[in-house]
Amino acid sequence: GDEWPALHKELSRGIAQAQAQGYCSANYQPGHLTAVGAAFHGPDHQWYGLNISFPHKPSEKPRDVARYAPLLLGLIEKIGASCGAEDSVE
């Protein structure tokens, strides 16, 4: 519908960010939460997604994303290592 152009733009931005950085960030429930998320392959070769959400504060978003994104990617690495998966982050 009428909302598709804006939604398509935001989805394309998230995909590009995930391809470049291994995660994407987005305002979830705009004005309330921001999230960083990543997709990964589990040991069963299925796709999984994991995110960390935190209170949305526009002035602190760059700092918060920089804080939580490495924690998220590290957690995904630990999950993969504990399951014997290699190169699970996409």
Side-chain angles (χ1 to χ4, degrees):
D2 294 339
E3 297 176 4
W4 174 244
L7 181 58
H8 182 264
K9 182 178 179 181
E10 186 64 15
L11 288 171
S12 296
R13 183 206 59 80
I15 290 168
Q17 184 183 20
Q19 289 173 334
Q21 298 176 330
Y23 68 89
C24 69
S25 62
N27 293 334
Y28 174 71
Q29 297 180 348
H32 299 285
L33 293 173
T34 299
V36 291
F40 63 99
H41 279 116
D44 56 358
H45 305 289
Q46 295 293 316
W47 280 102
Y48 293 89
L50 194 61
N51 79 68
I52 297 174
S53 299
F54 45 91
H56 176 73
K57 296 178 185 168
S59 63
E60 298 176 11
K61 182 178 176 180
R63 182 202 69 187
D64 289 342
V65 169
R67 175 191 301 164
Y68 293 115
L71 295 174
L72 173 72
L73 297 176
L75 180 57
I76 290 171
E77 285 182 27
K78 288 179 182 178
I79 290 170
S82 70
C83 296
E86 295 180 20
D87 299 325
S88 60
V89 177
E90 291 293 321

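When reading the values below, keep in mind they use all heavy atoms of this one structure, side chains included, and skip hydrogens, waters and symmetry mates.
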Test item: Tyr23 and Val65 side chains (from C-beta on) under 4.5 Å apart, heavy atoms: yes
Closest approach of Pro62 to Ser59 (non-hydrogen atoms, all atoms of both residues): CD-O, 4.3 Å
Nearest-0.5 Å distance, CZ of residue Arg13 to OG of residue Ser25: 5.0 Å
Heavy-atom pair of closest approach, residues His56 and Gly31: CD2-CA, 3.7 Å
Closest contact, heavy atoms only, Leu72 versus Ala38: CD2-N, 3.8 Å
same_hphob_cluster(Leu71, Phe54) at 4.5 Å side-chain heavy-atom cutoff: yes
Heavy-atom side-chain contact between Leu11 and Trp4 under 4.5 Å: yes
Close side-chain approach of His41 and Trp47, heavy atoms under 4.5 Å: yes
Contact summary for Leu73 and Gln21, nearest pair of heavy atoms: CD1-O, 4.0 Å
Within-4.5 Å side-chain heavy-atom neighbours: Ile52 and Leu75: no
Close side-chain approach of Arg67 and Asp64, heavy atoms under 4.5 Å: yes
